Amino acid sequence: MVNRSEIGRKGEEIAREFLQKKGYTILDNNWHWHHFELDMVAIDGEWLVVVEVKTRAMDHLLSPEDAVDRKKIRRTVLAADAYARYFSIELPVRFDIVTVVPGPQGYEIEHYEDAFLPPVR
């Protein structure tokens, strides 16, 4: 039986290949800062893109994109800010979600560009 972390790693690998084919330059995978993590950080043209990758089984009750809740968004935005400061990146930041769902014909991949905005305080 495949465990959740293996499914997640496979999903991130598929998402990385998908984005590279679209012309994205991948800077980091699974970047950690304190208790925060960014699944993927990339460059798309003039944008620093923070990508949340969600992988789910076909029969899962919650759709992958719906798993990115308010708490996850807040933590992702904080980590993205830390990433840009740490590496002195002065590009506008965009937050994307890539969902990966295994199906009978292979993997179904959805890419939601500009999926969410940083919350207003």
Side-chain angles (χ1 to χ4, degrees):
M1 183 171 171
V2 179
N3 68 33
R4 287 177 55 177
S5 64
E6 289 174 10
I7 293 170
R9 276 193 295 275
K10 182 65 176 173
E12 288 175 0
E13 178 185 317
I14 290 166
R16 182 176 50 253
E17 291 170 2
F18 173 81
L19 291 174
Q20 286 173 325
K21 286 179 185 174
K22 289 182 78 172
Y24 286 55
T25 301
I26 308 301
L27 301 178
D28 270 300
N29 290 292
N30 300 309
W31 185 79
H32 290 269
W33 177 71
H34 296 279
H35 298 290
F36 301 111
E37 177 186 2
L38 297 176
D39 289 342
M40 195 176 307
V41 182
I43 299 286
D44 177 31
E46 297 298 315
W47 289 92
L48 178 68
V49 183
V50 176
V51 182
E52 181 64 26
V53 179
K54 290 296 180 190
T55 308
R56 292 286 187 269
M58 190 68 108
D59 61 350
H60 200 276
L61 296 176
L62 185 65
S63 66
E65 63 275 13
D66 289 338
V68 182
D69 60 11
R70 183 177 298 172
K71 181 179 176 183
K72 181 62 177 173
I73 289 170
R74 187 180 68 74
R75 293 174 64 84
T76 301
V77 169
L78 288 171
D81 182 59
Y83 186 93
R85 289 173 190 260
Y86 185 82
F87 292 105
S88 300
I89 298 173
E90 296 189 21
L91 293 173
V93 179
R94 188 178 84 214
F95 298 94
D96 290 7
I97 298 173
V98 174
T99 63
V100 180
V101 178
Q105 308 299 319
Y107 289 92
E108 295 177 22
I109 303 166
E110 293 286 335
H111 181 196
Y112 301 91
E113 290 186 21
D114 213 5
F116 58 87
L117 299 172
V120 177
R121 294 182 184 231

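A quick note: this is a predicted structure, and the numbers were derived from the prediction, not measured. Throughout, numbering of the chain's residues begins at 1 and tracks the sequence.
With sequence neighbours excluded, no residue forms a salt bridge (charged side-chain N to carboxylate O under 4.0 Å, His left out) with Glu110. With sequence neighbours left out, the salt bridge (charged side-chain N to carboxylate O under 4.0 Å, His left out) criterion links Lys22 to Glu113. For the side-chain hydrogen bond (donor to acceptor under 3.5 Å, both in side chains) test, residues two or more places apart in sequence or in another chain that qualify with Asp28 are Tyr83. Under the side chain to side chain contact (heavy atoms under 4.5 Å, CB included) criterion, Arg75 pairs with His35, Phe36, Lys71, not counting sequence neighbours. Qualifying salt bridge (charged side-chain N to carboxylate O under 4.0 Å, His left out) partners for Arg85, counting only residues two or more places apart in sequence or in other chains: Asp81.
Counting only heavy atoms from C-beta outward, the side chains of Ile73 and Val68 approach each other to under 4.5 Å. For the pair Thr55/Val101, no side-chain contact is recorded, criterion being any heavy-atom separation below 4.5 Å from C-beta on.
Within the model, atoms CD1 of Ile43 and CD1 of Ile26 stand 10.0 Å from one another, a figure rounded to the nearest 0.5 Å. Atom NZ of Lys72 is separated from atom CD1 of Ile97 by 10.5 Å, given to the nearest 0.5 angstrom. Distance check, rounded to the nearest 0.5 Å: NE2 of His111 to CG of Leu19 gives 5.5 Å. Rounding to the nearest 0.5 Å places CH2 of Trp31 at 15.5 Å from CE of Met40. Taking OH of Tyr107 as the reference point, atom CD1 of Ile14 lies at 4.0 Å (rounded to 0.5 Å).
Two different hydrophobic clusters hold Leu117 and Val50 under the rule that ILVMFWY side chains link at heavy-atom gaps under 4.5 Å.
Inspection of the Asn29 and Glu12 side chains reveals no N or O donor paired with an N or O acceptor under 3.5 Å.
Of all the heavy atoms in Leu91 and Glu46, the pair that sits closest is CD2-O, 3.6 Å. Considering all non-hydrogen atoms of both residues, Asp114 and Asp96 come closest at N-OD1, 2.8 Å. Among all heavy-atom pairs drawn from Trp47 and Val93, the shortest one is CZ3-O, 3.6 Å. Here the closest non-hydrogen pair linking Ala79 and Trp33 is CA-CE3, 4.3 Å. Residue Val100 comes nearest to Gly11 through the heavy atom pair CG2-O, 3.6 Å, listed as atom of the first residue, atom of the second, then distance.
Residue pairs satisfying the salt bridge (charged side-chain N to carboxylate O under 4.0 Å, His left out) criterion with at least one member in residues 33-45, sequence neighbours excluded, are listed as follows: Asp44-Arg94.
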Inset, instruction - Evaluate the side-chain contact (heavy atoms from CB on, under 4.5 Å) criterion for residues Thr76 and Glu52: first the C-alpha distance (whole Å), next the side-chain angles of each, then the deciding distance (0.1 Å), finally the verdict. - result: CA-CA 8 Å; Thr76 301; Glu52 181 64 26; 4.0 Å; yes
Inset, instruction - Please report the C-alpha distance between Tyr112 and Thr99 in whole Å, then the side-chain angles of each, then the deciding distance to 0.1 Å, and finally whether the side-chain contact (heavy atoms from CB on, under 4.5 Å) criterion is met. - result: CA-CA 8 Å; Tyr112 301 91; Thr99 63; 4.0 Å; yes
